[in-house]
Number of protein chains: 2
Amino acid sequence: MVTRKEVAELANVSEATVSRVFNGLGPMKPATKERVLEAANALGYHPNAIAQSFARRRSGNLGVVLPYMPKVHLFSTYYFSEILSGIGEQVREMGYDLLLSLLTPDDELDYGRLYRSQKVDACIILGSMDTPSQRQSLLHLQENGHPFCLVNQRFEGLDFLEVDADHVEGSYQAVRHLIDEGNRQIAFLNGSPQYSNSRDRWLGYQRAMLEAGLPINSELLLEGNYSRKSGYEAAAKLWEMRGRVDAVFAANDRMAIGVMQGLRERGWMAGREFAVIGCDDSDAAKLSDPPLSSIAVPFFEMGKGASRLVLASVGQGVSEEGQVQLSTQLRIRQSSIKRQY
Amino acid sequence: MVTRKEVAELANVSEATVSRVFNGLGPMKPATKERVLEAANALGYHPNAIAQSFARRRSGNLGVVLPYMPKVHLFSTYYFSEILSGIGEQVREMGYDLLLSLLTPDDELDYGRLYRSQKVDACIILGSMDTPSQRQSLLHLQENGHPFCLVNQRFEGLDFLEVDADHVEGSYQAVRHLIDEGNRQIAFLNGSPQYSNSRDRWLGYQRAMLEAGLPINSELLLEGNYSRKSGYEAAAKLWEMRGRVDAVFAANDRMAIGVMQGLRERGWMAGREFAVIGCDDSDAAKLSDPPLSSIAVPFFEMGKGASRLVLASVGQGVSEEGQVQLSTQLRIRQSSIKRQY
DNA sequence: TTGTAAGCGTTATCAT
DNA sequence: ATGATAACGCTTACAA
C-alpha cells in the first residue's frame, strides 16, 4: 500500500503538505501542489479511508436500518426498494457511503450497535412501528446523541427527524375519487395502526366519507398485513358482504391486487362489478389486470430527503426543517372506473 | 467515548489485557477476565470498529457493487432485491457489514475505488456484462489482488469467482414444457447476449427444439431489455406473425407480462390462444393474470453463496470451489397451459 | 498469565 | 507556505 509518507519523500515535502493537497486546505504554492500530485500519481497513492475515518473520528458512512420481517424477503418490496434508491442517490452526492444493517429479532431493541461501534455517523431507520418498545429505543438513541431520521413514520409527541408523505390527503383523494365514480359503500382494507400512515389513511377515509354525507360503517373496515395473501383473504369477507359493498380502498397495491384476485375467482371483476384502488403506485399496479388505480407516494424522494436531513444534522450540507411531508398523487387506471362490458 | 484505556484503569490491568478479553485471545485468569468485563460494563465500553479496522488493516465490510442503469430505479427489480437479501443474511452470520456502492456512468471503469480507499475487504459485483471494457476492469481488479465475486454472470476463459444458476437447463425445461403442451412454433424473447445467462438460455432453447425435431426459426428470436415495455413491443411483432407462433418463452417475467398485455389488447389471452412462460419466478408472476409460468432462479441463495465464496477468499470461513452453479426450477401456472374456455 | 510498547496512516495544532 | 509532531484507539509482537 502506498502511503502519504512515500509521496512526501518523493515530492520532497512533509507529510502534512501531502495531506493539505489532498484535502484542499490552506494556502499553497501551486508548484508544491503540482509536485505532490505528480508524486502521488507516479506512486499510485490513494488516501486510506479507514485511516481518515480514524483520525477524523467520522466514518463517512450513513447507516440504513431495515426492520426484521419474518418470512419476507425484505427488499422484494417496492416500498423499501424505492426508498433505498433515493438514499443511495443523495448519499453519493454528499460523498458518503451506505452501510446496510438488517435487523434480527434480537437486536430489535438494540438500534445502537452501529453507532457505538462508530461504523456510522447517522442512520436512516426504515419500517419502524409506533410500539412502546420502539419509542423507547428511539428515545434512547436521541438521548445518547445518535442522529437518525425516520421515513414514512411519525411519532406524535416526540421530536425526531421524519420524512413522511401526506397520507391523509392521499387517502382522502382516493376515497373521494371512488365516491365521485358513484360508489357509496366503500370498504377500507387498512394496515396496522402501529404505522402512522395507517392512522393517516383512516383520517382521510373518514373525512371523504363524512364530507359526502356517507356513514362510516365499521363492518367495512378490514385490516391486512400488506401481503397479497391478506388481500386475497379480505376478498372472502367482502364477498360475504356483496350487495353491501361496491368499492374497496386498500392501503397498498399488493393487498389491492389480492382483493382483485380473490373477487375475480368469484366472478367479480374490478372495474366492472366493483371498484378498487390501492396505494404506492408500485410496478405491480401497472402489471395487474385490470391496471390498478393507486396513490403514488414519492418513496424515492423521501429517501433522498431523509438522507439530506440526517446528514445536515451531522454537519454535512445545509440544515433543514426536522419534519418533512411530501405530497402524494392520485393515479387513476381501470380498476376504479366501472364500465359497461 | 469510553476507550480501552479507561477500562484498563478501572480494572487495574493493562490495555492489552482488555483487548485480549474482547478478542478472546490467549490464556487468561478467569478472575481477570471477570474484572475487565465488569469494568467495561460499568463504563459502557464498546470497542471502536474504526480503530479496529485501522489496526487490523481490514475494514470488516463487504462491498456490493450495483450497476448503473439509467432511468431504472435500481432496487425496484426482483432480481437485485433477492440477491441483496441473500448477501445480507450471509454477511451478518459472518460478522461483516455491507457497504453499498451504486455505480455512476463515470466510475463504470473504476471498480477499484472502494478497494483502494480500503473501505471494503472484498466485493460482490452485480449486473456486470461481458463487454471488453468490463472484462478489462475485472482483470485489473484481479491483477491488483482485489477479491470479488460475480453473481449470475460468467466470463468464459477467465478464472473469476462466480455464482451462477443453470440457465441452460432452466431454459431447456421451459421450452420442453411448452413443447409437451403441444406447442410447435415457439418464440424466444431473449435478453442481451452480453449476459451469459442469455447465451445459456439460447443453448437450452436450441437443445429442446432440436431434441423435439423442431426447426430453429430465426424469425422467432426476439431481443428485449428486460423491461415490461420491451415485452409489450415484442407483442406487436408476435401479432404480426400470428398463425406462425403459438407460444413465447421470455427471458424474464416482466417481459413475459408485457407480452401478455400486448397480446391481450389484441384479443389473445395467455393460456388460451397462446402459451407464455417467463423467467425468475418473481412476485409479478403470481400477481399477473393469468398467473405466469416461470423458471425459478434461486437469487437469494446465489447472494448467500457469493458472500460465502468471496469472504472465504479473504480468509473468513472455509474456502470453496471458485465457480458455483445452482439449479433452477420450473413453475407451471396457467399462462402456459392452453385450456378451452 | 500479564505488561510494555511499537506500529497503523491519517488529521490537526503549533511552530517556523 | 510549510514542517514537526502529538494525538487517535486499537492490535500484536515481545518481554517479563
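Heavy atoms only: backbone and side chains are in, while hydrogens, waters and symmetry mates are out. Everything numeric here is computed off the predicted structure, so don't read it as measured data. In what follows, chains are A, B, ... by sequence order, proteins preceding strands, each numbered from 1.
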Which donor-acceptor pairs under 3.5 Å do the side chains of residues 24-42 of chain A make with protein atoms, sequence neighbours left out?
residue: A/Arg35; atom: NE; partner: A/Ala11; partner atom: O; Å: 2.9
residue: A/Arg35; atom: NH2; partner: A/Ala11; partner atom: O; Å: 3.2

Name all pairs fulfilling the salt bridge (charged side-chain N to carboxylate O under 4.0 Å, His left out) condition that reach into residues 41-67 of chain B, sequence neighbours left out, sorted by first residue then second.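 Listed by first then second residue: nothing to list.
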
Polar side-chain atom of A/Ser128 near backbone of A/Ile125 as donor-acceptor pair, under 3.5 Å: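 Not at all, since once roles are kept as given, no pair shorter than 3.5 Å links the two residues.
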
Hey, is the side chain of B/Thr17 poking within less than 4.0 Å of OP1 or OP2 on C/dG3, counting only N and O atoms?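 Checking B/Thr17 against C/dG3: at least one side-chain N or O falls below 4.0 Å of OP1 or OP2.
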
Given atom [atom1] of [X] and atom [atom2] of [N], what is their separation to the nearest angstrom?
X: A/Lys29; N: D/dT2; atom1: NZ; atom2: C1'; answer: 9 Å
X: A/Glu9; N: D/dG3; atom1: CD; atom2: P; answer: 13 Å
X: A/Met28; N: D/dA1; atom1: CE; atom2: P; answer: 9 Å
X: A/Glu34; N: D/dA1; atom1: CD; atom2: C1'; answer: 17 Å
X: B/Lys119; N: C/dT10; atom1: NZ; atom2: C1'; answer: 14 Å

Select one nucleotide: of D/dA1, D/dA13, C/dC14, the one nearest the side-chain heavy atoms of A/Arg20.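 Nearest to the side-chain atoms of A/Arg20, counting from C-beta on, is C/dC14.
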
Please list, for nucleotides 8-10 of chain D, all pairs of protein and nucleotide N/O atoms separated by less than 3.5 Å.
residue: D/dC10; atom: OP1; partner: B/Tyr45; partner atom: OH; Å: 2.9
residue: D/dC10; atom: OP1; partner: B/Asn48; partner atom: N; Å: 3.2
residue: D/dC10; atom: OP2; partner: B/Arg4; partner atom: N; Å: 2.8

Donor-acceptor contacts under 3.5 Å from residues 298-312 of chain A side chains, at least two apart:
residue: A/Lys304; atom: NZ; partner: A/Glu89; partner atom: OE2; Å: 3.0
residue: A/Ser307; atom: OG; partner: A/Gly303; partner atom: O; Å: 2.8

Which pairs of donor and acceptor atoms, one on a side chain in residues 144-154 of chain B, lie under 3.5 Å apart (sequence neighbours left out)?
residue: B/Asn144; atom: ND2; partner: B/His140; partner atom: O; Å: 3.0
residue: B/Asn152; atom: OD1; partner: B/His167; partner atom: NE2; Å: 2.6
residue: B/Asn152; atom: ND2; partner: B/Tyr79; partner atom: OH; Å: 3.3
residue: B/Gln153; atom: OE1; partner: B/Ser196; partner atom: N; Å: 3.1
residue: B/Gln153; atom: NE2; partner: B/Gln194; partner atom: O; Å: 3.3
residue: B/Arg154; atom: NH1; partner: B/Asp164; partner atom: OD2; Å: 2.7
residue: B/Arg154; atom: NH1; partner: B/Asp200; partner atom: OD2; Å: 2.8
residue: B/Arg154; atom: NH2; partner: B/Glu156; partner atom: OE2; Å: 3.1
residue: B/Arg154; atom: NH2; partner: B/Asp200; partner atom: OD1; Å: 3.1

Within the structure shown, what part of the strands sits under 4.0 Å from A/Thr32 by heavy-atom distance: base, sugar-phosphate, or nothing?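 It contacts sugar-phosphate atoms only.
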
Please identify each residue that fulfils salt bridge (charged side-chain N to carboxylate O under 4.0 Å, His left out) with B/Glu143, with sequence neighbours left out.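 With sequence neighbours excluded, B/Glu143 shows a salt bridge (charged side-chain N to carboxylate O under 4.0 Å, His left out) to no residue whatsoever.
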
